[in-house]
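See below for the structure under consideration.
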Amino acid sequence: MILLDRVSKVYPKSRRPALDKVSLNVAPGEFVIVMGRSGAGKSTILKLLNREERPTSGKIVVGGIDYDDLRPKDIPHLRRRIGVVFQDYKLLPNRTVFENVAFAMEISGMTKQEINYNVPKILEIVGLADKASEFPRHLSGGEMQRVAIARAMVRQPKILIADEPTANLDEETSLEIVKLLIKINHYGTTVLMITHDTNIVKKLRHRVVKIAVGRIVSDTKGLVRNAK
Ligand code: ADP
Ligand code: MG
């Protein structure tokens, strides 16, 4: 599903690579935690997968699409396959919860019928059915993140990448958001959850890829974690 083969990224004017020969293979349907401290290179992985940035060297293949073969006109299609959520939610303040989610469908050309069918369904899944007509300023942080997740999921991407989705949330709310991501994963979406929060990671039994100064330093795939 996601393949990085010796991917390096050196940003212009920087001396040290943000990523240094990173190789990673994520199978369809996996839930993978990408963990590392600030500056480790986590968001750079997202930017490469989303084609916001291009690697300096190495190969990227996602869902059978080799990024070396991508043409500009393929990029909207690629971005529809990859849903993204961020720590700061990025909601439109003057639109309701329903409209925030609907907007993502409008810009990808879906019909009003499709929107009116799909938005309530996804709001139900994320637990916000009763908040559809609220504005973001009336929501808690956890609810805002649920809207952002609904918006990312409504176009039914194959992959969901969450870049520090719990960074602005308290511990209990963070865990609820992680549980929602796990639920989405159980519906079949491949999930990459980026985090620096070691507390959350300890509570989970999923694959953890640890990255430090641009390199993968451990990957629990294939290991039995916490076996007793
Ligand atoms: P993380 O998400 O793990 O905090 P990033 O991937 O954002 O780390 O950044 C990795 C490294 O690359 C950091 O040293 C950061 O300063 C640098 N970096 C990130 N984006 C840019 C950019 N656009 N230009 C130059 N350097 C950047
Ligand atoms: Mg980051």
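Start at 1 and go down the list; that is how both ligands and their atoms are numbered.
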_Testing Val84, Ile60, Thr44, Val7 one by one against Leu49 for a side-chain contact (heavy atoms from CB on, under 4.5 Å), which residue passes?_
Ile60
*asked:* Under a 3.5 Å threshold, yes or no: a donor from one side chain and an acceptor from the other, between Ser174 and Glu171?
replied: no
*Look at the N, O or S atoms of Ser38, main chain and side chain alike, and state whether any lies under 2.8 Å from the Mg ion (ligand 2).*
no
*Could a heavy atom of Gly39 be found less than 4.0 Å from some atom of ligand 1?*
yes
*asked:* Polar contacts were defined as any N/O atom of the residue lying under 3.5 Å from an N/O atom of the ligand; does this apply to Pro12 and ligand 1?
replied: no
_Distance under 4.0 Å to a non-hydrogen atom of Ala40: what atoms of ligand 1 satisfy this?_
1 (P), 3 (O), 8 (O)
*Within a radius of less than 6.0 Å around CD of Glu106, do more than 12 heavy atoms belonging to other residues, nucleotides or ligands occur?*
yes
_For Ala18, the ligand 1 atoms whose distance to one of its heavy atoms is below 4.0 Å_ = 10 (C), 11 (C), 12 (O)
_Closer than 4.0 angstrom, basic N to acidic O: yes or no for Arg79 and Glu52?_
no
*Examine Ser43 against ligand 1 and note whether any of their N/O atoms are separated by less than 3.5 Å.*
yes
*Donor-acceptor contact below 3.5 Å, side chain Gln145 vs main chain Ile177*: no
*atom 9 (O) of ligand 1: which protein heavy atom is closest, and how many Å away?*
Thr44 OG1, 3.9 Å
*Looking only at N/O atoms, are Arg16 and ligand 1 under 3.5 Å apart anywhere?*
yes
*asked:* Suppose we measure from atom 27 (C) of ligand 1 to each protein heavy atom; which comes out shortest, and what is that distance?
replied: Tyr11 CD1, 3.2 Å
*Please check atom 13 (C) of ligand 1 for a protein heavy-atom neighbour under 4.0 Å.*
yes
